[in-house]
Amino acid sequence: MTSERYNARDAEPRWQRQWDEQAIFVSKNDDSRPKYYVLEMFPYPSGRIHIGHVRNYTLGDVLARFMRAKGFNVLHPMGWDAFGLPAENAAIERKVAPKAWTYDNIAAMKKQLRSIGLSLDWSREFATCDPSYYKHQQKMFLDMLAAGLAEREKRKLNWDPVDMTVLANEQVIDGRGWRSGAVVEQREMSQWVFKITKYSQELLSALEGLDRWPDKVRLMQRNWIGRSEGLLIRFALDAATTPAGENELKIFTTRPDTLFGAKFMAISADHPLAQAAAAKNPDLAEFISDIKKIGTAQSIIDTAEKQGFDTGIHAVHPFDPSWKLPVYVANFVLMEYGTGAIFGCPAHDQRDLDFVNKYGLGNTPVVCPEGQDPKSFVITDTAYDGDGRMINSRFLDGMTIEQAKDEVARRLENELRGNAPVGERQVNFRLRDWGISRQRYWGCPIPVIHCPKCDVVPVPDDQLPVVLPEDVSFDKPGNALDHHPTWKHVTCPKCGGSASRETDTMDTFVDSSWYFARFTDPWNETAPTTPAVANRMLPVDQYIGGVEHAILHLLYSRFFTRAMKATGHIALDEPFAGMFTQGMVVHETYQKADGSWVQPAEVKIDVGGNGRRATLLATGEDVTIGAIEKMSKSKKNTVDPDDIIATYGADVARWFMLSDSPPDRDVIWSDERVQGASRFVQRLWRLVNDAVELGKAAPAARPAAFGDDALLLRKAAHGALDKVTSGVERLHFNVCLAHIREFTNTFSEVLQRPGQPAADLAPDLAWAIREASQILVQLFSPMMPHLAEECWQVMGQPGLVSEANWPQIERDLLVEDSVTLVVQVNGKKRGEVTVATAAQNPEIEAAALALDAVKLALDGKPVRKVIIVPKRIVNVVG
RNA sequence: GCUCCAAUAGUCCAAUCGGUAGAGACGAUGCGCUUAGAACGCAUGCGAUGCAGGUUCGAAUCCUGCUUGGAGCACCA
């Protein structure tokens with residue numbers, strides 16, 4: 001029996017070295033076993049790993065280790081999403097070169113990642129900022145350009161006139177740039193886009209087949225793609241009222257049935273008609289410039305007060321030449337969606353209703369809910385968007401919404417103006433093309449040359465990669481690449497004249513849209529992928545990452561995979577067969593009386609009669625316990641993985657991360673629970689050491705029969721094995737851990753029972769103890785691999801537990817001879833009956849009805865029905 | 001604003017199909033061990049499953065309406 005505590009600080013680096021030296025996590029592309037590709041979203045090298053990374057990689061690691069034990073050729077690689085804005089911010093603020101900053105961060109974070117004990121194949125590591133990676137990305141860009149999947153397009157962007165840079169929506173705070181404080185302008189700029197919209201329908205339809213993705217994520221993507229069926233209607237304009245004799249306004253609507261409820265037309269500030277009208281109307285021009293200041297973020301546009309400007313232009317109702325509708329420029333109409341123009345039916349659309357209520361245009365309900373008297377049906381503040389019958393709509397009256405939509409479409413399709421129909425059925429998508437141009441230095445250069453004569457010229461293959469220059473300065477605002485004295489000046493590959501390089505770089509989402517494919521053969525110097533290898537190793541069987549990537553990253557990757565297929569780099573459509581979105585790690589916040597935030601490590605928590613109380617460790621000063629929030633530097637509610645690993649070891653951190661909360665939900669960091677995990681590690685260590693002593697008496701051969709204790713233990717072991725095996729496959733790690741704990745409790749009880757020297761132990765029990773300890777160690781080995789190796793060693797097992805095969809379940813042990821059923825009368829529990837597992841329904845029914853409690857509850861009433869749910873319940877209906 | 005998610009014991013959470021609300025943990029209390037504490041061992045679970053309705057023999061689970069908390073919304077990654 002050992003009295004020594006398990007020393008993680010000593011054991012963990014030792015086992016990490018062993019794994020490393022024996023290269024057991026390196027997967028070979030010529031391995032003939034079935035493959036299993038586990039991937040966690042690769043990190044941005046910010047400098048230090050975050051506790052959220054520990055959770056993400058632990059989840060993946062458990063699965064990777066489990067599948068390895070199950071006999072799969074597991075691919076579990078790691079790399080770095082290394083381009084992006086923070087490196088440039090560091091360059092500006094701390095005068096360090098982005099490249100040096102990035103690679104230093106990678107080195108630091110790699111060291112941290114290694115300390116977690118992850119079963120990663122580091123031989124495949126790369127950073128997206130390595131020219132050996134992005135040269136292939138540039139090649140694929142050119143392939144996509146040739147295939148018509150990349151184009152130039154005008155886009156409206158947030159422009160900071162002082163920093164001379166485009167801003168993300170989140171960098172625009174109250175209409176001003178986050179760093180400069182300058183009022184942000186909306187500027188139209190020429191951008192490179194990927195034609196993701198060519199795949200709108202396919203990306204939507206294929207979601208059906210992604211049955212190992214969370215419904216939530218599929219729904220988010222479905223909404224993002226936003227397919228809607230509707231009608232394109234050409235409204236005639238009263239040319240006398242238009243700025244330059246325009247005579248038509250095209251709108252898209254999904255509600256053509258409500259056409260007789262129309263009160264106004266609204267067009268986007270960017271609509272050509274608005275632009276033309278503004279040219280002749282300074283007030284309108286000012287209005288347009290005002291509403292453009294609010295920014296491009298959807299949430300801001302939607303929550304801003306509805307504003308409109310009557311242009312004086314009139315549109316003509318398609319079913320009534322005498323019906324004129326005023327045309328407004330409105331701040332809630334987007335040029336990017338549909339045609340940038342709508343007709344407003346206030347009674348049945350909340351935005352339109354808010355608008356007319358502000359400008360006094362009134363409303364006419366045209367859909368009346370079933371059972372409501374049309375005469376008394378009025379709309380005041382809340383639009384009605386439910387079902388009903390058409391009213392106030394001439395020839396549509398009495399129809400359902402669907403019939404009315406159809407009738408309007410039919411009539412307008414058949415009505416010609418000029419030589420085109422007035423209406424046309426159309427499918428519209430909300431999805432826009434993917435703008436990839438960034439006016440930034442630290443990104444993958446877009447490999448094209450702008451020639452005054454030849455226009456856009458692709459960089460020839462033999463000149464790839466277009467490498468980022470390193471001698472750049474961040475003294476001036478704007479794009480450092482643009483300011484470089486020589487880099488952009490080149491000769492045109494076509495005509496030989498002087499030309500200039502594209503100085504925009506690619507969105508970092510491009511880098512992360514194919515890294516999973518590169519991992520399958522990162523050694524290929526001549527092509528992005530080796531198709532034979534990529535096609536065999538892909539798709540990723542289980543991808544794991546934060547839900548914040550549920551839309552963009554995953555959708556872009558799905559598109560990019562199709563684009564790679566179209567350009568011959570890969571032969572599949574869907575990159576991720578299984579997707580899992582993990583929750584965040586959150587923590588309480590602490591605040592001093594003066595409002596300043598305090599780190600958890602500085603706070604002492606006392607639990608008393610009237611709840612929890614916090615004081616400052618240093619001074620004893622009272623601290624307010626605030627909301628539980630996502631860990632953030634500004635609120636100081638962070639926990640440093642290095643501290644945790646130094647104090648408790650990686651296994652404790654891993655076990656804590658996996659316990660309690662389901663992986664897809666947020667987990668609250670709790671020191672008490674971390675200590676609980678730490679105590680459990682020691683308990684397992686003692687248990688295994690005790691079991692080793694007792695198991696010494698075990699015969700080599702399996703005994704023919706087992707006594708009660710041995711059988712109890714074996715049932716607990718194999719029951720746990722069964723539950724953990726199926727639980728890990730479904731990523732229900734918190735439940736798996738509970739089953740391991742449960743098994744451990746039973747194991748301890750059995751071990752305490754003999755209470756005698758090992759030599760006297762019954763051979764069958766000793767054998768069962770040895771078997772149970774092997775199963776136990778293997779069960780927790782994916783979660784706490786270091787402790788498991790240490791236990792495996794004291795058990796005298798050959799080799800590494802990380803390389804051992806998953807134990808075989810003996811199903812016979814899981815079958816019980818009898819089963820206890822709950823007996824209900826009219827849905828209320830009245831008793832229990834225990835019957836043989838094989839008992840038939842009449843026998844069960846008779847046993848249930850024979851219970852005194854059942855007779856009493858029935859109170860002489862006849863039995864109307866008996867419902868028997870096998871192995872669960874008997875319900876007697878009286 | 002739009003779209004979506006969640007809510008079970010003091011706390012974190014279990015509960016294949018709609019079938020006994022309790023697996024596991026944290027905390028608390030008591031006992032044992034101990035000079036004492038830590039550690040260790042043992043014991044202790046009444047919550048109308050957020051609220052109001054509905055469907056059903058039967059609802060934590062399905063439906064409707066609310067309340068509260070959270071996520072995403074296109075140049076952060």
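Sequence lines set the chain letters: A, B, ... in the order given, protein chains first and strands last, and positions in each chain run from 1.
The side chain of P662(A) approaches A14(B) more closely than any other nucleotide in the set G72(B), G24(B), A14(B). For D81(A), whose side chain is taken as the heavy atoms from C-beta onward, the closest listed nucleotide among U20(B), A77(B), C73(B) is A77(B). With distances taken from any side-chain atom of N223(A) to the nucleotides C26(B), C4(B), G24(B), the minimum falls on C4(B). Distance from the side chain of S661(A) is smallest for C12(B) among the nucleotides C12(B), A14(B), G19(B). Of the candidates C13(B), C57(B), A74(B), C13(B) carries the atom nearest the N734(A) side chain, counting heavy atoms from C-beta on. In this structure, the nucleotide among G1(B), C40(B), C75(B) sitting nearest to the side chain of R438(A) is C75(B). When the nucleotides A74(B), C57(B), A77(B) are ranked by their closest atom to the side chain of R430(A), A74(B) comes out on top. Taking the side chain of K216(A) as heavy atoms from C-beta on, and the options A77(B), A71(B), C5(B), the nearest nucleotide is C5(B). The side chain of R730(A) lies closest to U16(B) when the candidates are C26(B), U16(B), U20(B). The nucleotide whose nearest atom lies closest to any side-chain atom of Y556(A) is, among G24(B), G1(B), C75(B), C75(B).
Remark: A77(B) base-pairs with no nucleotide; criterion is Watson-Crick or G-U wobble with both hydrogen-bond distances under 3.5 Å. In this structure G24(B) sits in a base pair with C12(B), meeting the Watson-Crick or G-U test at under 3.5 Å. Remark: U35(B) base-pairs with no nucleotide in the shown strands. Criterion, Watson-Crick or G-U wobble with two distances under 3.5 Å. G69(B) is paired with C5(B) under the criterion used here, namely a Watson-Crick or G-U wobble arrangement in which both key atom distances are under 3.5 Å. In this entry C17(B) has no Watson-Crick or G-U wobble partner, no candidate having both defining distances under 3.5 Å. Of the nucleotides present, G54(B) is the one that pairs with C62(B) by Watson-Crick or G-U wobble criteria, both distances under 3.5 Å. Of the nucleotides present, C42(B) is the one that pairs with G30(B) by Watson-Crick or G-U wobble criteria, both distances under 3.5 Å. Partner assigned to U49(B) is none, using Watson-Crick or G-U wobble distances below 3.5 angstrom.
The side-chain heavy atoms of Q675(A) and Y648(A), taken from C-beta on, include a pair separated by under 4.5 Å. Put simply, the side chain of D722(A) does not reach to within 4.5 Å of the side chain of H718(A), judged on heavy atoms.
Residue S437(A) is classed as a base contact, given a heavy-atom separation below 4.0 Å to a base.
In this structure, F743(A) atom CZ and A25(B) atom C1' are separated by 18 Å, rounded to whole Å. Taking atom CG on L554(A) and atom P on C73(B), their separation rounds to 13 Å, with Å as the unit. Between I668(A) atom CD1 and U11(B) atom C1' there is a gap of 8 Å when expressed in whole angstrom units. Rounded to a whole Å, the CH2 atom of W213(A) is 16 Å from the C1' atom of C4(B). Atom pair L684(A):CG and A25(B):C1' shows a separation of 14 Å (rounding to whole Å applied).
Scanning atom types as modelled, one donor and one acceptor separated by under 3.5 angstrom connect the side chain of R440(A) and the base of C75(B). Judged by distance alone, with hydrogens and angles left aside, R673(A) brings a side-chain donor or acceptor within reach of the base of U11(B), the pair sitting under 3.5 Å. For C42(B), its base never sits under 3.5 Å from the side chain of Q752(A) at any donor and acceptor pair.
Between W434(A) and F559(A), the ring planes are perpendicular. Angles over 60° get that label, and only those under 30° would be called parallel. Using a 30° and 60° split on the angle between ring planes, H553(A) and H549(A) fall in the perpendicular class, above 60°. Below 30°, between 30° and 60°, or above 60°: for F747(A) and F743(A) the angle between ring planes is below 30°, a parallel geometry.
Checked by atom type, the side-chain pair D504(A)/Q439(A) shows a donor-acceptor distance below 3.5 Å.
A7(B) and C12(B) have their C1' atoms separated by 13 Å, given to the nearest Å. Remark: the separation of the P atoms in G27(B) and C42(B) is 16 Å, to the nearest Å.
Glycosidic conformation of C42(B) is anti; the angle lies outside 90° of 0.
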